[in-house]
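The chain is numbered in sequence order, starting from 1.
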Amino acid sequence: MSTYTIRRPTRVEVSAPTAAREHLLWLAAGLALAFLVPYILADLLDLQKDLYYGIYTAFVIGLFALWARSTGQSLRAMARRRWLLALSLGAVFAGVMALVVLRTEDATARPDGLELAGAVIWRGLVYGAADGVLLSAFPILVVFGAFASGSVRRRLVGRVAVGLAALFASLAMTAVYHVGYSEFRSEKVRSPVAGDVVWSIPTLVTLNPVAAPIAHAGLHVTAVLHSYETELFLPPHE
């Protein structure tokens, strides 16, 4: 009589170095695409501004969703992480960014009625939130995800080091994205890079991807309402 041994399938764990490498590959891809999307669509093809915003927003959503799925990140869990603090900080820093616009840009002419309402929603909220995801939420969460499995984040010094690396990644993403626009291939790029330090704080503190987009949307909404013909915010400039 033969005896068969039933063996449980062996679960293959992904090693920490392999997981970190996957996250960093996504970061590298994000940096490359963050430059190419504005460079090709806005600079070379000169797409109409609102059409460009739609394509750009779809790209950002796709990049973030594919990264999360590929690396096993739960979008629901990320959105629920310190959600009350994330919403509060996002709102506070949205106000800070609004003050930045008011103090740095002169008021300009703007449309009114439905055209203004549409611009606030599309150019302010939608495009602003997409920028917040690409420039802050994505690079910050990718860096923290790369070090999630190791021992680095178990100590305060390690957490600070990872936080600084995440902020640097966000600054790099902001610089690379903006030089995709011809008007930012100069010292002008310093302004959004400096602003990134501010609007990234809510997500850097909470690791919630919703926080920074709220703060960034505050900047864009204010730019639409106060400085519709701005030479600094709301690229590409026609």
*Could I get the full list of ring-ring contact (aromatic ring centres under 6.0 Å, His included) partners for Tyr228, not counting sequence neighbours?*
none
*Atom CG of Leu134 and atom CG of Leu31: how far apart are they, to the nearest 0.5 Å?*
9.0 Å
*Steps toward side chain to side chain contact (heavy atoms under 4.5 Å, CB included) verdict (Thr222, Met97)*: CA-CA 8 Å; Thr222 307; Met97 297 313 302; over 6 Å; no
*Quick one: pull up CZ in Arg110 and CD in Glu115 and give me the separation to the nearest 0.5 Å.*
11.5 Å
*Whether Trp67 side chain and Val142 backbone form a donor-acceptor pair below 3.5 Å*: no
_Are the side chains of Val100 and Val198 in contact, using a 4.5 Å heavy-atom criterion?_
no
_Applying a strict under-4.5 Å side-chain criterion to I, L, V, M, F, W and Y, I'd like to know whether Leu33 and Leu27 cluster together._
yes
*Phe138 and Val60: side chain to side chain contact (heavy atoms under 4.5 Å, CB included), yes or no, with the steps?*
CA-CA 9 Å; Phe138 174 72; Val60 172; over 6 Å; no
*Is the backbone of Thr108 close enough, under 3.5 Å, to the side chain of Ser227 for a donor and an acceptor to pair up by distance?*
no
_Contacts of type side-chain contact (heavy atoms from CB on, under 4.5 Å), residue Leu89, not counting sequence neighbours_ = Leu85, Phe93, Pro202, Val205, Thr206
*Do Val126 and Tyr53 have side-chain heavy atoms sitting under 4.5 Å apart?*
no
Donor-acceptor contacts under 3.5 Å from residues 165-176 side chains, at least two apart:
residue	atom	partner	partner atom	Å
Ser170	OG	Leu135	O	2.6
Ser170	OG	Asp196	OD1	2.9
Ser170	OG	Asp196	OD2	2.9
Ser170	OG	Ser200	OG	3.1
Thr174	OG1	Ser170	O	3.0
Thr174	OG1	Asp196	OD1	2.8

*His23 and Val143: CA distance, side-chain angles, deciding distance, side chain to side chain contact (heavy atoms under 4.5 Å, CB included) verdict*: CA-CA 7 Å; His23 282 286; Val143 171; over 6 Å; no
_Sub-4.5 Å side-chain heavy-atom contact between Tyr127 and Pro235_ = yes
*Mark yes or no for whether Gln73, through its side chain, and Thr71, through its backbone, hold a donor-acceptor pair below 3.5 Å.*
yes
_Nearest 0.5 angstrom please: Asn208 CG to Arg82 CZ, how far?_
9.0 Å
*Could you grab the distance from atom NE2 of His216 to atom CG of Asp131, nearest 0.5 Å is fine?*
4.0 Å
_What verdict does the side chain to side chain contact (heavy atoms under 4.5 Å, CB included) test give for Tyr52 and Thr57, after you've listed the backbone C-alpha separation in whole Å, the side-chain angles of each residue and the deciding distance to 0.1 Å?_
CA-CA 8 Å; Tyr52 166 72; Thr57 299; over 6 Å; no
*Within a radius of less than 6.0 Å around CZ of Arg185, do more than 12 heavy atoms belonging to other residues, nucleotides or ligands occur?*
yes
_Whether Thr203 side chain and Ala137 backbone form a donor-acceptor pair below 3.5 Å_ = no
*Answer yes or no: does atom OH of Tyr39 have more than 12 heavy-atom neighbours from other residues, nucleotides or ligands under 6.0 Å?*
no
_Reported CH2-to-CG distance for the pair Trp26 and Leu66, which is rounded to 0.5 angstrom_ = 4.5 Å
_Starting from Ile214 and following side-chain heavy-atom contacts under 4.5 Å between hydrophobic residues (I, L, V, M, F, W, Y), which residues can be reached?_
Trp83, Leu84, Leu87, Val210
*Examine distances only and state if a side-chain atom of Arg103 and a backbone atom of Ala98 form a donor-acceptor pair shorter than 3.5 Å.*
no
*Identify, with sequence neighbours excluded, every residue that meets side-chain contact (heavy atoms from CB on, under 4.5 Å) alongside Leu45.*
Ile40, Leu41, Leu47
*Linking I/L/V/M/F/W/Y whenever any side-chain heavy atoms sit under 4.5 Å apart, do Phe35 and Leu44 land together?*
yes
*Would you say the ring centroid of Tyr56 lies under 6.0 angstrom from that of Tyr177?*
yes
*asked:* If hydrophobic clusters are built from ILVMFWY residues whose side chains come within less than 4.5 Å, do Val92 and Val197 share one?
replied: yes
*Would you say the side-chain atoms of His220 pair up with the backbone N or O of Leu125, donor to acceptor, closer than 3.5 Å?*
no
*Within a strict 4.5 Å, meaning less than it, do heavy atoms of the Asp50 and Gln48 side chains meet?*
yes
*Partners meeting salt bridge (Lys or Arg N to Asp or Glu O under 4.0 Å) with Arg69 (sequence neighbours left out)*: none
_Could you measure the distance from the CE atom of Met78 to the CZ atom of Phe144? Nearest 0.5 Å is fine._
14.0 Å
*Under 3.5 Å, is there a donor-acceptor pair between the side chain of Lys49 and the main chain of Leu234?*
yes
